[in-house]
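Worksheet for the structure shown next.
Only this structure's heavy atoms are used, side chains among them; waters, hydrogens and symmetry mates stay out. Everything quoted here is computed from the prediction, not taken from an experiment.
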Amino acid sequence: MRTELSARSLKHALIHGYLHERTDGTIPSILFACDEHGRHGNFHPASYRSICATPAWSKRLEKVHTAHRRVRVRANWAWKELDCSNSSDALLMNVFCYPALTVVPAVRALLGSDRTELPEFGIKPRTPFSNGGKDNTEIDMRLGDLLVEAKLTESDFQVADPRLVRRYRDLETVFDTSELPLRNGKHVGYQLIRGILAAYAAEGSFCVFCDARRPDLSECWYRVMRAVRLYDLRCRLKLLTWQELAEVVPRDLQEFLALKYGIVP
């Protein structure tokens, strides 16, 4: 899938003349940058304009790419995380920063939310620990009382030592811990566990977006879901695919997702 996305992004860059760089490696990535005309090839033009015009969103563009100092760089700009063609955060912002997307009735129906406020990205839900402390990790997006985790080419939902999972105050209220999946003595789907606990603590909802071409991620979701004890909480949890979302977004965004990501309804 990474190979396909890189090939699509390279074609996208060459056709439109976007400023870009190709990384070294067995499966190279394509990184884009804002050019002298204000275009950024990793974003839909309307979404990018909205991002640049919204200070809370534009700050996300400045997060430095973790590989920038470790690789041979030929480009004359500092790579940013959201420059990467395989970034799930960039994909999420492409969709939800598109103008007025959250007022589209079909989008609201799919999300199960009637909230129309601007989404927040990279938020810290501050889920409580048993010792009175709070979690400091980020979740990808919040839209009203809906928390969202987005995946594209990531290998999994992270694994964690049981001692990290046991820190959470509501763990045994929310989960039958004997049912949580393990691999080599570690919990599988750690980000899912955290997201579900965050939704419970906030009395909100939790949604995961992943690609329909990644059945392994869907299977991990359902394995964790089976361990949730509370029926009313289960009703506030959902897995959606980018392909399902593509069915309800405006046509020009739909075309962008198809061409750049191969995401088609």
Side-chain angles (χ1 to χ4, degrees), residues 1-18 20 22-23 27-32 39-51 57 60 81-113 119 121 140-141 143 146 148-157 191-192 206-222 225 237-265:
M1 187 171 165
R2 290 191 180 195
T3 301
E4 178 190 344
L5 291 180
S6 293
R8 285 180 175 277
S9 289
L10 181 58
K11 182 178 180 180
H12 177 66
L14 295 175
I15 288 174
H16 297 284
Y18 289 129
H20 69 283
R22 181 175 177 175
T23 68
I27 304 178
S29 295
I30 307 301
L31 291 110
F32 294 90
R39 305 181 309 160
H40 197 300
N42 212 31
F43 294 96
H44 185 286
S47 299
Y48 189 61
R49 288 193 295 270
S50 293
I51 292 168
W57 294 351
R60 300 284 288 171
E81 288 283 356
L82 295 184
D83 292 344
C84 182
S85 61
N86 294 341
S87 168
S88 56
D89 286 330
L91 173 55
L92 187 67
M93 294 187 77
N94 262 312
V95 174
F96 285 93
C97 295
Y98 185 92
L101 185 90
T102 57
V103 303
V104 176
V107 172
R108 292 164 62 183
L110 184 68
L111 296 176
S113 173
F121 298 95
D140 292 331
M141 187 179 81
L143 180 62
L146 175 67
V148 173
E149 188 72 40
K151 293 295 179 186
L152 185 58
T153 63
E154 292 90 343
S155 59
D156 56 28
F157 289 108
Q191 288 175 304
L192 301 179
F206 179 57
C207 176
V208 171
F209 279 108
C210 64
D211 198 285
R213 294 166 288 185
R214 294 292 307 279
D216 56 314
L217 297 183
S218 298
E219 174 58 25
C220 183
W221 164 262
Y222 288 114
M225 272 284 290
L237 307 175
K238 66 172 60 182
L239 172 73
L240 295 172
T241 66
W242 297 113
Q243 286 77 5
E244 289 175 298
L245 187 57
E247 290 185 20
V248 297
V249 301
R251 180 56 62 89
D252 61 328
L253 179 57
Q254 189 178 84
E255 292 172 352
F256 174 84
L257 296 175
L259 290 170
K260 187 173 181 297
Y261 294 100
I263 293 171
V264 295

*asked:* Using only atom types and a distance under 3.5 Å, with no angle test, would you say the side chain of Thr23 pairs donor to acceptor with the backbone of Ser29?
replied: yes

### Task
Fit a plane to each ring of Phe121 and Trp57, take the angle between them on a 0 to 90° scale, and name the class: parallel (under 30°), tilted (30 to 60°) or perpendicular (over 60°).
perpendicular

| task | Look only at the side chain of Lys238 and the backbone of Leu110, and say whether a donor-acceptor pair between them is shorter than 3.5 Å. | result | yes

Are the aromatic rings of His20 and Tyr18 close, with centres under 6.0 Å apart? no

* To do: Look at the rings of Phe256 and Tyr261 and say which category their plane angle falls in: under 30° parallel, 30 to 60° tilted, over 60° perpendicular.
  => perpendicular

Practice prompt. Report the C-alpha separation of Ile263 and Arg213 in whole Å, then their side-chain angles, then the decisive distance to 0.1 Å, and conclude whether the side-chain contact (heavy atoms from CB on, under 4.5 Å) test is met.
Written response: CA-CA 9 Å; Ile263 293 171; Arg213 294 166 288 185; 3.8 Å; yes

Stepwise, does the side-chain contact (heavy atoms from CB on, under 4.5 Å) test hold for Arg60 with Leu82?
CA-CA 8 Å; Arg60 300 284 288 171; Leu82 295 184; 3.8 Å; yes

Quiz item: Between the main-chain N or O of Ala258 and the side-chain N or O of Arg8, is there a donor-acceptor pair closer than 3.5 Å?
Solution: yes

- Is a side-chain donor or acceptor of Thr153 paired with a backbone partner of Arg2 at a separation under 3.5 angstrom? no

_Tell me whether Arg39 contacts the main-chain N or O of His16 through its side chain, where contact means a donor paired with an acceptor under 3.5 Å._
yes

- request: Name the orientation class of the two ring planes belonging to Trp221 and Phe206 (parallel below 30°, tilted from 30 to 60°, perpendicular beyond 60°).
  value: tilted

Handout entry: Side-chain donor or acceptor of Glu154 paired with backbone N/O of Leu152 under 3.5 Å
Key = yes

### Task
Test side-chain contact (heavy atoms from CB on, under 4.5 Å) on Leu111 and Val148 and set out the steps.
CA-CA 10 Å; Leu111 296 176; Val148 173; 5.8 Å; no

Exercise. Short question: side chain of Ser88, backbone of Lys151 - any donor-acceptor pair under 3.5 Å?
Worked result: no

Determine whether Asn42 and Asp83 satisfy the following criterion, side-chain contact (heavy atoms from CB on, under 4.5 Å), listing intermediate values before the conclusion. CA-CA 6 Å; Asn42 212 31; Asp83 292 344; 5.5 Å; no

